[in-house]
Number of protein chains: 2
Amino acid sequence: MARRSDHSRDQIHEMALSATERIVGEQGYQGLSARKVAGAIGYTVGTLYLVFDNLDDLILQVNGRTLDRLYARMVQEQAKQKQAKERLLQLGHSYIQFACEEPHTWQMIFEHRLTGEREIPEWFQLKVARMFALVETGLEPLAAQHSPGEIALAARALWSGVHGVCILAVSDKLDVVGVESVQNLTDLLVGNFLKGFMSS
Amino acid sequence: MARRSDHSRDQIHEMALSATERIVGEQGYQGLSARKVAGAIGYTVGTLYLVFDNLDDLILQVNGRTLDRLYARMVQEQAKQKQAKERLLQLGHSYIQFACEEPHTWQMIFEHRLTGEREIPEWFQLKVARMFALVETGLEPLAAQHSPGEIALAARALWSGVHGVCILAVSDKLDVVGVESVQNLTDLLVGNFLKGFMSS
DNA sequence: GTTGCATTATGAACGGTGTTCAGTTATGTT
DNA sequence: AACATAACTGAACACCGTTCATAATGCAAC
């Protein structure tokens, strides 16, 4: 194993990922470039392409880590709530809290589009599906008289709604200011939806 | 007024806008470039910059036209429904129908980010606000016991929700196929929200 | 030590992007 | 016919993602 620098392949991999997270966190998805990442870790672009297939690959991996952190946080904070309804509201709060704390990193998950004919890898789709499953599980105890299919649909509708509030809020299209206002909007959406859903 | 070609400034302006709409419609926002637009209308890039400040300007104008078409359609189709609740559901349906018919054009409204420090012009923000106002107006007859402030909030929450469903559906993140499934999801979201909202 | 080899890293090159602007060309007016 | 002015061009700039021949290095064998 001949090596020229002090870093192993895995180390460079990790360095690139966290450098990307820093750059995106500061300058947003638009401010990201291969040369910037390479420069930040003290290597050249060529080296980056020894460790990643291409920029899409790098970005997907960063987005994967973001989803992991988000998921972990939602699981953890949701567990604090004892009542089912409170747990669902908490999921929304955690989601929005995260998006507001790391807007650029969070937005990149949705701003990024794969180049050309490339397809979203399965491991990434699983991370997304996991989020929906969390909502579905949270919804189950509140939907005794509904079929599993109905619950799955309701979870999708509900979570898409929360996501919509979040995405419009983060991109300043809602005329509301501050995290609390966004939380209130979500509470309104989730609360009223649940009320309607449980009485049907 | 010395002119060399057969087209006036206004004509070139219009040609560029519709060429952009065609390119984006076929190849998506990513497939758009100044040289492509210029080539499509038989001019060079330089000419494009005589008519538009920059690409952001061009894209904003195209997005403005898209919002106009969307708004006109929502107003028109909503008027067909006599009951307040049906009108609200119709708004959602029209929105989704439009997004599914012209996914690329519709998505560009939300994919596009202004370069650097540029700011969204007021005329554009007004077009967005107009959409929320439509929902707000539709919600009023159903919210007799609610204050105007509450109605405004509810309209934002509701519309963000519909938008969320729409955006996840168009980018294939919902595991649902076909326009009808998306319509069902929206009906579920809007229906249950309204049921909850009206009983509170 | 020295040699040879496989690994690691480079950076120039390619075709693309948005944007600018000096220079050319065609037109309307004098 | 000459001039002024508007219209238009296209080369140039700095950036982008991506590739790859080349150089530099560390290690094993001799």
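The sequence lines fix the lettering, A, B, ..., with proteins before strands; numbering per chain opens at 1. This one's a predicted model, so the numbers in the text were calculated from it and none came from an experiment.
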Output the rounded distance in Å from [atom1] ([X]) to [atom2] ([N]).
X: B/His7; N: D/dC8; atom1: NE2; atom2: C1'; answer: 14 Å
X: A/His13; N: C/dT8; atom1: NE2; atom2: C1'; answer: 18 Å
X: B/Met15; N: D/dC8; atom1: CE; atom2: C1'; answer: 14 Å
X: B/Asp57; N: C/dT19; atom1: CG; atom2: C1'; answer: 14 Å
X: B/Leu50; N: D/dG10; atom1: CG; atom2: P; answer: 14 Å
X: A/Tyr43; N: D/dA24; atom1: OH; atom2: P; answer: 17 Å
X: B/Gln30; N: C/dG16; atom1: CD; atom2: P; answer: 17 Å

- Query: Once each nucleotide of nucleotides 13-21 of chain D is scored for protein heavy atoms under 4.0 Å, what B/S/- sequence comes out, 5' to 3'?
  - Reply: ---BBBB--
- Task: Give one of base, sugar-phosphate or nothing for A/Ile12, where a contact means two heavy atoms less than 4.0 Å apart.
- Result: sugar-phosphate
- A/Glu140: partners by salt bridge (Lys or Arg N to Asp or Glu O under 4.0 Å), with sequence neighbours left out: none
Do you see a donor-acceptor pair shorter than 3.5 Å between the side chains of [X] and [Y]?
X: A/Gln90; Y: A/Glu86; result: no
X: A/Lys36; Y: A/Gln27; result: yes
X: A/Asp57; Y: A/Gln61; result: yes

- Check: B/Ala79 main-chain N/O paired with B/Arg87 side-chain donor or acceptor under 3.5 Å: no
- Task: Quick one: list whatever passes ring pair (Phe, Tyr, Trp, His ring centres under 6.0 Å) with B/His104, sequence neighbours left out.
- Result: none
